[in-house]
Structure formats: C-alpha cells, structure tokens
Amino acid sequence: MQDSPFQPGATRTADPEFTRAEVALANRNSGALLELLDCDITPTGTHYLLNHFDVPVLRAQDHVLEFDGAFDAPFTLSLADIMAQPQITLPVTLECAGNGRAGMQPRPLSMPWMHEAIGTSEWTGTPLAPLLERAKPRSSVQDFAFLGADYGYDKGVPHYYGRSLTPAQIAQLDVLLVWGMNGAALLPQHGAPLRLVVPGWYGMASVKWLSRITALEARYQGFQQVETYRFRSHDGDEGTPVTQIHVRSLMKPPGVPDWFTRARRVQAGPVALSGRAWSGGGVPIARVEVLLDGEWRAARLSPPVGRYAWTRWEIDWNATPGQHDLACRATDAAGNTQPLNAPYNLGGFANNAVQHLSVEVAG
Ligand SMILES: Nc1nc2c(c(=O)[nH]1)N[C@H]1C(S)=C(S)[C@@H](COP(=O)(O)O)O[C@H]1N2
Ligand SMILES: [Mo]
C-alpha cells in the first residue's frame, strides 16, 4: 500500500534542507517582518499566522457560542450578545509554541519557524470568567473545552481544533473572548468572528473560530491537548504540557539586507541597535544583554507595552569594518534567562535560544 498523508509518517529529519511540505506550510503561515519590531503594536497584516487546517469563513450575523456539558445554566450566545458584555482592550504579545523549531537538530517536521512567529496586537473583547460563572459550572467540573470550527487530520486523527483550561487556570489567567484586533473586526485568518486570547501563554491556547465551550467532569482528551503540545524527550514519553511563553528576545535586523540571502550590511560608525523582549505569565523583562564584539553589554529598556506585551530594548554600537556576530539575550523578573543552545524536545516547542545575526560592516 502507498504511504498515505493521512497516516502517521516521519516526525523529524536530520536533513538540513527543508522539505516541500515544510515550504508549503511556511507559505500559508506567514511570520512577522522583523524590521517592524520597532512598532509597539504589530501592523495587523504582519501579525504571524498559524492555522492548522483550512480557514473557516463564518458569518458574524449567524455565529453563536454554545455553552454545554456540566453547566447548571447552559446557554447559547449570539455574537451581538457577547459584544454587549463589558468591553476591554488589552495589548497582548502572542507567540507560537513552535517559534524557533527550524533551529532544532534533528528538526521536527512541522511548521518550520525560524524566529518570526511573534506579534503584538490590541485585542478587544470581554473577560471569559464571568460568562463561565453565569452558566453555573458544577463543582465536579475538571476542564473547560474550547472548540474551534476548523476540522482536519493530524497523524491520521480527524478532529476539530480544540484546547482546554482547568477551572484553576481560568481563575488565574486573564482569558478574553475576543472579536476585535487593532481597532477592527478580527480577520478571517485570525479567528473571525470570535476567538480566545490567553495572555501569557503560547498561541495554541488562543482558540480561533470559537464555537463551543463544554464543561467536562473529566480531563479533556482532544488531540491538540493530549497529543500535540507537550514537551516530550523521546517517543513514548508522556511529556508535560506546553503552557506559558518562555523568555525570549529578538533584534531588529540592522542596516540593509541582501534581497535573497537576507544578509545584513551596515556602515562603520555609530549604529543604534534595537529589538524586543518578552516572557510569559505576565512576568516582566528584567534585562537584555547584547553581544557586541565578543562582550555581553546591557541594553536600555523601555516600559513594557502592557503587562502581557513585549518590551523594547536598544543599545548603541560602534561598528568597525569586518564581519560581526551579534546576539541578544533576555532575562525575566523570575530569573529565567534565554539559553545559548536550543532546548531539545520532539515537537520542537519553546526554542528560546538566543538569536544570532551576522552583520557585515562596510568601511
Ligand atoms: N481553531 C484554531 N485555533 C487556533 C489554531 C488553529 O489552527 N485553529 N492555531 C493556534 C496556534 S498554534 C497559534 S500559535 C495561534 C495563532 O494565532 P494567529 O494566527 O492569530 O497569530 O492560534 C491558535 N488557535
Ligand atoms: Mo502555535
């Protein structure tokens, strides 16, 4: 029998060349343009995208959110009902858990992100917790399952994209039901007309095209909860769940690029370097160090864009002619520092190893 793409196949490769399937995924799931890291809020069209299946086109006028399962007062809300709830707008930095995957060796076969699965938006919506309370979850509830409207196959298993959070996580996290992004309605590819935003967690928790919330008296067993987003060290390892964003920083590429290779060139003399740093769980950035001419030097930090949004950093560099290796490394207020080498796991998650940039300085 021929190999079927709908059956489990190879999950990783030692080949440094990308496969056609990886390149095709990268064409669908675009990343941030790192030269726009100067913007506090990422222009909507350059916010990264990660869509597992096809983008469902849902009509806002017809869309409903069902609350079902172990609620004593379940209900169904229209989008208009939800938009009539108390409204808040919060800047939140979203990052895909697979950001950095392409830097792992061997390389997990999935979306081959280098550094650009990142973006910060002003999300408009309403807090989720009061609506869950209004539906009166039974005291026996162990999980709330959030179901998207997108359906497809992964490793032979057909499923709607779904994720869950426990009552304790709901109590601790500022989860939002979101209909707006940067002052406009959500775009189809970002989950229109309704999505979750789970601030401080990797993006997989922020379910798009949200259609149903089910209260469960057991732990949710959905594919994207129990199979995909886990830190596993070997096949058969049960692993641990991927949750909060790990501390990370990026540099705005200095100077000008070569179109094809993206190699950078700057003129000798003073160069203002800048970038962004962020961590998860609402933990602020404590410091950013930049590797300049072989020495780690402290960057200046701006105030964070928000409790759950990134921090700008900058540093002055006196560039001398020749080829230079630059790098940046952030530390958060909980004392977590970016590692120098990729922390390996089978899924290629949370690779927050420091980013290196090679810059040619022209005399
Ligand atoms: N329904 C649904 N929700 C989803 C996804 C998806 O494929 N389907 N992808 C998740 C992942 S892995 C990420 S990183 C974020 C990406 O959100 P964005 O595309 O708006 O940046 O959405 C999450 N929510
Ligand atoms: Mo993701």
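Source: prediction; values computed, not measured. First listed ligand is number 1; within each ligand, the first listed atom is number 1.
In the displayed structure, N341 atom CG is contacted under 6.0 Å by at most 12 heavy atoms of other residues, nucleotides or ligands. More than 12 heavy atoms of other residues, nucleotides or ligands sit less than 6.0 Å from atom OH of Y48. Other residues, nucleotides and ligands contribute more than 12 heavy atoms inside 6.0 Å of the CD atom of Q61.
Of all atoms in ligand 1, listed by their number and element, those nearer than 4.0 Å to a heavy atom of L49 are 19 (O). Remark: ligand 1 atoms within the under-4.0 Å shell around heavy atoms of H47 are 21 (O). Taking every heavy atom of N51 and a limit of under 4.0 angstrom, the matching atoms of ligand 1 come to 7 (O). Those atoms of ligand 1 with a heavy atom of C96 less than 4.0 angstrom away are 14 (S).
Closest protein heavy atom to atom 19 (O) of ligand 1: K208 NZ, 2.5 Å. Residue, atom and distance of the protein heavy atom nearest to atom 15 (C) of ligand 1 are G203 O, 3.5 Å. For atom 10 (C) of ligand 1, the closest non-hydrogen atom on the protein side is Y161 OH, 3.6 Å. The protein heavy-atom contact nearest to atom 8 (N) of ligand 1 is D150 OD2, 2.7 Å. Of all protein heavy atoms, the one lying nearest to atom 17 (O) of ligand 1 is R195 NH2, 3.2 Å. In this structure, the protein non-hydrogen atom closest to atom 24 (N) of ligand 1 is S206 O, 3.0 Å. Protein heavy atom at the shortest distance from atom 9 (N) of ligand 1 is L50 O, 3.1 Å.
Under 4.0 Å from ligand 1, not a single heavy atom of E95 appears. At a 4.0 Å heavy-atom cut-off, ligand 1 does not touch A149 at all.
Between H190 and ligand 1, at least one N/O pair is under 3.5 Å apart.
For the pair R163 and ligand 1, no heavy-atom separation below 4.0 Å is found.
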**Message:** I'd like to know whether W313 forms a side-chain contact (heavy atoms from CB on, under 4.5 Å) with R300, so could you lay out the CA-CA distance, the side-chain angles of the two residues, the decisive distance to 0.1 Å, and finally the verdict.
**Reply:** CA-CA 5 Å; W313 61 261; R300 295 184 296 279; over 6 Å; no

**Message:** Run the ring pair (Phe, Tyr, Trp, His ring centres under 6.0 Å) test on H63 and W209 for me, step by step, so that the C-alpha distance in whole Å, both residues' side-chain angles and the decisive distance to 0.1 Å come before the verdict.
**Reply:** CA-CA 9 Å; H63 192 68; W209 311 294; over 10 Å; no

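In this comparison of Y229, Y202, Y48, the heavy atom closest to atom 14 (S) of ligand 1 sits on Y48.
Using a cut-off of 4.0 Å between Lys/Arg side-chain N and Asp/Glu carboxylate O, R297 and E289 are scored as not salt-bridged. Salt-bridge check for D332 with R287: failed, with every basic side-chain N at 4.0 Å or more from each acidic carboxylate O. No salt bridge links D150 with K208; every basic N to acidic carboxylate O contact stays at or beyond 4.0 Å.
Counting only N and O atoms by type, the side chains of T166 and D143 include no donor and acceptor under 3.5 Å apart.
Between F67 and F75, the ring-plane angle classifies as tilted under the 30° and 60° cut-offs.
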